[in-house]
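First the structure, in the form of structure tokens, and then the observations on it.
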Amino acid sequence: MDSEKIRVRFAPSPTGPLHIGGVRTALYNYLFAKKNKGDFILRIEDTDQNRYVPGAEEYIINSLKWCGIEPNEGVGASGEFGPYRQSERKSLYKKYAEQLVSEGNAYIAFDTAEELEAMRERLKNEGSSNQQYNAETRVTMKNSLTLSAEEVEKKINAGESYVIRLKLPDNENVVFNDVVLGEISFNTKVLDDKILFKSDGMPTYHLANVVDDHLMQITHVIRGSEWVNSTPSHILLYRFFGWKQPLFAHMPLLLKPDGKGKLSKRDGDKGGFPVFPMEWTNPETSEISSGYKESGYFPKAFINMLAFLGWNPGTEQEIFSEEELIQAFSLDRIGKSGARFDPEKARWFNHQYLQMISDEEAAKEFGSILEKKEITADINYITRVVSLIKERANFITDFWELGCYFFEPPKSYDEKVIKKRWKEGVSDSMKEIAKIFESITEFSSETTELAVKEFIQSKNLNMGQILNCLRLSMVGAASGPNLFDIIAIIGKDEALSRIYNAVETIKK
RNA sequence: GGUCCGUUCGUCUAGUCAGGUCAGGACGCCAGGUUUUCAUCCUGGUAACAGGGGUUCGAAUCCCCUACGGACUACCA
């Protein structure tokens, strides 16, 4: 093989937010490029003016940035093959379409929507297995194949709108070897003469995609498998132009959370978890869809999780750094069947990543959450809190719920615990413990634990009962990390105040 | 309807190309241990080759059929 540089592209259209399937496609392109020291290009396919959604392009760029899968060429980056936005390349495509027409590989068609509809209806009624605009039917339609050159010219001059269609060869098997799916074969009889150039002066995906991939010297087309059926048309296009075709790798689709069909942009939040990398506000309806970023996911965990949806390294390792992912990645280990993902497993990935970051780092992020709640605390204090609650959390955003009692006294006390544990005499014991605490000069987890346990034993009290009530006083519930660690962190004064508060509130 | 593709524990999957370990791992779930509690953590367990035919000494693996699922079938990408 030749040693040409690997060049891949991610080519979304800005019709809304990028969903996680799109992010995964971008990721696989990115990993493949990095692995092979190639280029990863971002091209924006905005040839459909009707579906353009303001803010979508920016969203795509920002999402990729957050994920750390940034293109080294294309929209939002630099590059020598620009412009990278198809609307800005508009002038380019027509001549390619016309070249195809003049060489007899495409033709001009004048059929109206009604005429097309009528043709399909007629074929349906005749019991025809497919209703394509193809070698068989095109002779019955209004196009430059059935009309004389003069008529065609007259219509064009009269301003009649027309499209340019690909002229497929009749009854030919187009075979290609998909990197993921293997050999796939289509007979042109079941394909249709795809529109390459629309009457609004814009190319369709099929033309623009092939022209741009060629011009941008793309070597591997890695895209979702919704494209396999149109790949033969693309291959024919490469052939007609006399261009070298790239390798195709069609990846399995991500499935809807509820199990029916491929994941779509409209599935946001339906499954109880985000389908978008970042929060998205629909500019028309102002409806907000949640994002992984805002849900507290680390981009690295998100990417790691996404990489494993449809691909695996063949080893038992599951936690991969970006560098490891790049090294391990290969197209031939992409699976063939669609994947639905498990939000539970996604959380598990994030938990793993959370445990890997330092308490100091986590404390910094937790600090800014606290700031928003207008709670001020020393960073060292926050770090000590984090060291106790981090392992219990999946997300930094869980920290507040897990450790709010480190920053404010309990607002209420769990009734069930009161009923079960706060029996006769407990209040008195609590008061005595408060006195003991007062007398401790070296107030620490160890000294308080020793003192309390000695007290319980000397009075022959029930360990579980007293300890749980003490916990209830501190936390307001029967959960949380080691009780004496909590007491030591909040300090003597706060501990005393909480004991008195609990005794006062609960009364028994 | 037509075409193309797919199908291994509930989920993500290894194993399929080069047939031959009680089909392996992870998440979840269950149990036990640790913990004064809850969670984490540790240990163990649960659970799958879509079905039917072949080929073969032997099939998750190769072939055929069926079923099911998905994609595409737009002047959308």
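Values in this document were obtained by computation on a predicted structure and should not be read as measured data. Below, chain A is the first sequence line, B the second, and so on; all start at residue 1.
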Point to revise | Which residues share a side-chain hydrogen bond (donor to acceptor under 3.5 Å, both in side chains) with A:N304, sequence neighbours left out | key: A:Y353

Going by atom type alone, with no hydrogens or angles, which donor-acceptor pairs under 3.5 Å involve a side-chain atom of residues 117-125 of chain A and a protein atom two or more places apart or on another chain?
unit_1	atom_1	unit_2	atom_2	d
A:R122	NE	A:E126	OE2	3.3
A:N125	ND2	A:E121	O	3.3

Study note, to complete from the structure: Applied to residues 456-472 of chain A, the salt bridge (charged side-chain N to carboxylate O under 4.0 Å, His left out) test, sequence neighbours excluded, yields A:E432-A:K459

Side-chain atoms of residues 397-404 of chain A: list all donor-acceptor pairs with protein atoms under 3.5 Å, sequence neighbours left out, distances to 0.1 Å.
unit_1	atom_1	unit_2	atom_2	d
A:D398	OD2	A:N394	N	3.1
A:D398	OD2	A:F395	N	3.1

Review point. Looking at residues at least two apart in the chain, or sitting in another chain, which of them share a salt bridge (Lys or Arg N to Asp or Glu O under 4.0 Å) with A:R138?
Key: A:D193

Review point. With sequence neighbours excluded, what pairs up with A:T112 under the side chain to side chain contact (heavy atoms under 4.5 Å, CB included) test?
Key: A:E114, A:E115

Review point. Base, sugar-phosphate, or nothing for A:S185, non-hydrogen atoms under 4.0 angstrom?
Key: sugar-phosphate

What does the list of N/O pairs under 3.5 Å between the protein and nucleotides 73-75 of chain B look like, with a distance for each?
unit_1	atom_1	unit_2	atom_2	d
B:rU73	O2'	A:Q132	OE1	3.3
B:rC75	O2	A:S199	N	2.7
B:rC75	O2	A:S199	OG	2.6
B:rC75	N3	A:S199	OG	2.9

Short heteroatom pairs, N/O only, protein and nucleotides 6-16 of chain B, under 3.5 Å:
unit_1	atom_1	unit_2	atom_2	d
B:rC12	OP1	A:R340	N	3.2
B:rC12	O2'	A:F308	O	3.1
B:rU13	OP1	A:G310	N	2.9
B:rU13	O3'	A:N312	ND2	2.8
B:rA14	OP1	A:N312	ND2	2.8
B:rA14	O3'	A:R333	NH2	3.3
B:rG15	OP1	A:R333	NH1	3.3
B:rG15	OP1	A:R333	NH2	3.3

Review point. Which of residues 221-228 of chain A have a heavy atom under 4.0 Å from RNA chain B?
Key: A:S225, A:E226, A:W227

Under 3.5 Å, which N/O atoms of the protein pair with N/O atoms of nucleotides 40-47 of chain B?
unit_1	atom_1	unit_2	atom_2	d
B:rU40	O2'	A:E391	O	3.3

**Study point:** A:P17: side chain to side chain contact (heavy atoms under 4.5 Å, CB included) partners, not counting sequence neighbours
**Key:** A:Y59, A:F276, A:W280

Review point. Of all residues at least two apart in sequence or in a different chain, which pass the side-chain hydrogen bond (donor to acceptor under 3.5 Å, both in side chains) check with A:S321?
Key: A:E324

